[in-house]
There are 2 protein chains.
Amino acid sequence: MNLKELAAELHLSQTTVSRALNGYPEVSEKTRQIVLAAAQRFGYRPSPAARRLATGRAHALGVVFNAERNALMDPLFVEYLAGVAETSAKQGFDILISPSTPHDEIATYSRLASDGTVDVVILSAPLCVDPRIALLSELKFPFVVHGRPPIPAGISYLDIDNFGAFQQATSFLIQLGHRRVMLINGEEQFTFVEDRSRGAATAFAAAGLPATLLDEHFMPMTAENAYRIARPALEADARPTAILCGSILVALGVLRAAAELGLDVPRDLSIVAHDDEMPAFPADQFHPQLTTTRSSIRAAGTRIAEVALARVAGQKPGAVAEVWPVQLIVRGSTAAAPERS
Amino acid sequence: MNLKELAAELHLSQTTVSRALNGYPEVSEKTRQIVLAAAQRFGYRPSPAARRLATGRAHALGVVFNAERNALMDPLFVEYLAGVAETSAKQGFDILISPSTPHDEIATYSRLASDGTVDVVILSAPLCVDPRIALLSELKFPFVVHGRPPIPAGISYLDIDNFGAFQQATSFLIQLGHRRVMLINGEEQFTFVEDRSRGAATAFAAAGLPATLLDEHFMPMTAENAYRIARPALEADARPTAILCGSILVALGVLRAAAELGLDVPRDLSIVAHDDEMPAFPADQFHPQLTTTRSSIRAAGTRIAEVALARVAGQKPGAVAEVWPVQLIVRGSTAAAPERS
DNA sequence: CACAGCGTTCAAAGCGCTTTGGGGATTGCC
DNA sequence: GGCAATCCCCAAAGCGCTTTGAACGCTGTG
């Protein structure tokens, strides 16, 4: 059943029916009720394609899915998506996943922007130099950023306090007496990686300790990469007594390296990991339970979707700039630094 | 730039230009080349919305995303999605993620089917009694299934050999001398869970062993659930000497329980897990490295998307019914059963 | 030379919705 | 009673594409 038929059924014009359905004030409350009831009764649903063509609005938000990148580091992505889905469902928005490779990512964005298949895109994991942001800004296509944009001015975004999280975690380790600390960070190109790096460095500086004690490594945050870097480091003479991990996955690799070397966590080695709260991999299900800096990726997903929808509704870019605090949860993977041997 | 403008630019009718672009035979090769060149030059892209309205085809495939269910058990989902994305990108298809709660899932499907926002939906993790399949079948809406449909007749699907995988894994454990085996399975409602259950039972029967030696449990496959069930079982007198895990996540929980109880894997306890190849959690990054039944969820994703697109292209439902073999990979988490004490 | 046949191209009619620019009723006011 | 103002409602024009049915120009045949 389409509008025309419904209108005929009601002996009203399409215009009136359309307006009644869309809540325009030009139609009396009485007829609106009648129309609504009839629509309900006949199970009428406006055609999204037609509406889209007529209005130019897609009622969909776009997420570019870089398969290669995400597959590597993002079981998080599901949880994030679940968050996005939650709010977009409430507003009747669809989520369009546009696959892309690192190679054609920019082309994908520019297609999305010109196609009209989505009204807004959510951009994740911004880079320190981000061509995607540059492109969308120039095209004046609505977008919001999950993470800290390199140049935040005029951009609505939502981030967690990566700087604070790692500063806090590092200070905590320093207080426990750790001096040789390893930081297994993500890839240097991401702003969140830079923030974490600065956070850790700041903690060292604040404690009056030389920056050289912080052994930092940048890499895609997988268990295997972490294992590869942690294992030789832990075998060395001046091995680190504590390792800061960029994610739970990284911690997994470190745990393996430690186990293989017979190092007890936390007696011989302390571990702090950043935890985005993947329900599938709760930090407290590890052995030992992990001390973490915790933030909810899912909550971030629901919120950033809200911001995206507000943007569609006309809110100015830059109107939202939230940085969520991150909590340090001390569990069993951290202890006082071992005595100097 | 739209069709009309492009046509005007070329001094041709919209009809001709449209046909040239879409490869219809009614236009001469010469003009087709001219049109193609011009389209390229002006960067013309047909409006998806308009095309959709005119043709009724959406050029999109739908995946219903049940946030609650997926969040629990599916870091897999990303990897699967990556696979789907891979092939759909090649064909220029978009992926529409429709969020839903368990509550309104059926409504979501029926909306998708009547909306015209997608041309086909991919249904995952079919249930033993699956209202979604019933609905789509009745509506005659194109769909394909990832997993074994309860009644496979007339349905295109792709599944891995869950039965064979667990039969093989169980036989392997039995050969190692294990008699008290625990199976931590998923929720009973899924067909794959039933298949795995049957696989394990069959192995016991084939070995002439009583079914009572197989201690099977059904639950959402999370690390925490696994821990909760494994821990007391491992503390009991007649504790299992081997545990079959429905996923890597489940194995994680079991490993924790074992570690806390001071049980050595594989000396005191053997573990076999099913591994869908999440790159984030490679089975060989655990300590000990896990013996697994392995299949690639990502490859399944790319293939099921192909099947879905073939379905859109007119292939009959039921034309594809693939069951992929699953390989048993023996690593360090399995060993001969400990001596009877 | 007329006509059929073929290969190309075109004008126009949708697809189902929104929205502009009016226009009947009905009401309030003088 | 006449006029404008106020409500409601409508006809029709798009949105940008596909597709039907017709027409055009050209060739080959009787």
Side-chain angles (χ1 to χ4, degrees), chain A residues 1-36 38-39 42-60 92-94 111 113-119 312-314, chain B residues 1-36 38-39 42-60 92 94 111-119 312:
Chain A
M1 153 146 299
N2 59 26
L3 224 207
K4 197 170 173 179
E5 292 164 12
L6 182 60
E9 198 74 39
L10 286 164
H11 301 291
L12 284 172
S13 73
Q14 291 190 41
T15 311
T16 305
V17 176
S18 170
R19 285 183 165 154
L21 258 24
N22 294 324
Y24 281 72
E26 294 95 333
V27 14
S28 72
E29 197 49 41
K30 202 181 83 192
T31 49
R32 163 163 295 132
Q33 290 310 328
I34 294 173
V35 170
L36 252 31
F42 291 107
Y44 167 76
R45 315 198 119 282
S47 146
R51 161 182 288 177
R52 180 169 304 192
L53 182 59
T55 61
R57 321 275 281 357
H59 272 259
F93 263 59
D94 285 322
R111 183 174 64 78
S114 61
D115 253 10
T117 41
V118 301
D119 300 319
V312 172
Chain B
M1 152 147 300
N2 59 24
L3 224 207
K4 195 168 171 181
E5 290 165 13
L6 181 59
E9 197 75 38
L10 286 163
H11 301 290
L12 283 173
S13 73
Q14 292 189 40
T15 311
T16 305
V17 176
S18 170
R19 286 184 165 154
L21 259 24
N22 294 325
Y24 281 73
E26 295 95 332
V27 23
S28 74
E29 197 50 41
K30 202 181 82 190
T31 49
R32 161 162 297 132
Q33 290 310 328
I34 294 173
V35 170
L36 252 31
F42 291 107
Y44 168 75
R45 317 196 119 283
S47 147
R51 162 181 289 177
R52 182 169 303 192
L53 181 58
T55 62
R57 322 274 278 2
H59 272 259
D94 284 322
R111 182 173 64 79
L112 272 190
S114 61
D115 252 9
T117 41
V118 301
D119 300 319
V312 172

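So you know, we letter chains A, B, ... as the sequences are listed, proteins then strands, and number each from 1. Hydrogens, waters and symmetry mates are skipped; everything else that's a heavy atom, side chains included, is used.
- With distances taken from any side-chain atom of A/Thr16 to the nucleotides D/dG16, C/dC10, D/dC10, the minimum falls on D/dC10.
- The separation between B/Leu53 atom CG and D/dG14 atom P is 17 Å, rounded to whole Å.
- In terms of modelled atom types and a separation under 3.5 Å, the side chain of B/Thr55 and the main chain of B/Arg51 share a donor-acceptor contact.
- In this structure, B/Asn2 does not reach the D/dC15 phosphate: none of its side-chain N or O atoms is under 4.0 Å from OP1 or OP2.
- When distances are taken from the side chain of A/Asn22 to each of C/dT18, D/dC17, C/dC10, the shortest belongs to C/dT18.
- Following rounding to the nearest Å, A/Arg19 (CZ) and C/dC17 (P) show an atom-to-atom distance of 16 Å.
- Positionally, the nearest nucleotide of DNA chain C for A/Met1 lies more toward the 5' end than for the other of A/Glu26 and A/Met1.
- Between B/Ser13 and C/dA11 there is no side-chain polar atom (N or O) within less than 4.0 angstrom of OP1 or OP2.
- Note that CZ of A/Arg19 and CZ of A/Arg32 are 11.0 Å apart. Values are rounded to the nearest 0.5 Å.
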Kindly determine whether B/Thr15 and B/Glu26 satisfy side chain to side chain contact (heavy atoms under 4.5 Å, CB included), including the steps that lead there.
CA-CA 10 Å; B/Thr15 311; B/Glu26 295 95 332; over 6 Å; no
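- Distances shown here put every side-chain N or O of A/Ser47 at or beyond 4.0 Å from the OP1 or OP2 atom of C/dG16.
- Looking at the side chain of B/Ser28, the nearest of the listed nucleotides D/dC9, C/dG14, C/dT9 is C/dT9.
- Between the NE2 atom of B/His59 and the C1' atom of D/dT18 there is a distance of 12 Å, rounded to whole Å.
- Between A/Glu29 atom CD and D/dT6 atom P there is a gap of 21 Å when expressed in whole angstrom units.
- A sub-4.0 Å separation between OP1 or OP2 of D/dC9 and a side-chain N or O of A/Tyr24 is absent.
- When distances are taken from the side chain of A/Arg51 to each of D/dC15, C/dC17, D/dC10, the shortest belongs to C/dC17.
- Residue B/Thr31 places at least one side-chain N or O closer than 4.0 Å to OP1 or OP2 of C/dT9.
- Distance from the side chain of B/Gln14 is smallest for D/dT18 among the nucleotides D/dT18, C/dT8, C/dG16.
- For A/Tyr44 and C/dC17, the OH to C1' distance is 7 Å, given to the nearest whole Å.
- Between A/Thr15 and A/Pro25, it is A/Pro25 whose nearest contact on DNA chain D lies nearer the 5' terminus.
- Within the model, atoms CG of B/Leu21 and OG1 of B/Thr16 stand 11.5 Å from one another, a figure rounded to the nearest 0.5 Å.
- Side-chain contact between A/His59 and A/Pro48 is absent, with no heavy-atom pair separated by less than 4.5 Å.
- Atom-to-atom, CZ of B/Arg45 to C1' of D/dC15 comes out at 19 Å; the value is rounded to the nearest Å.
- Comparing A/Ala50 and B/Val17 by the nucleotide of DNA chain C that holds the closest heavy atom to each, the one mapping nearer the 5' end is B/Val17.
- With rounding to whole Å, A/Ile34 atom CD1 is found 13 Å from D/dC8 atom P.
- Applying the 4.0 Å criterion to OP1 and OP2 of D/dT18, one finds that B/Ser18 has a side-chain N or O inside that range.
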Evaluation steps, side chain to side chain contact (heavy atoms under 4.5 Å, CB included), between A/Ser47 and A/Asn2:
CA-CA 8 Å; A/Ser47 146; A/Asn2 59 26; over 6 Å; no
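- Within 4.0 Å (heavy atoms only), B/Thr55 reaches sugar-phosphate atoms of the nucleic acid but no base atom.
- At whole-Å resolution of the value, NZ in A/Lys4 and C1' in C/dC15 are 10 Å apart.
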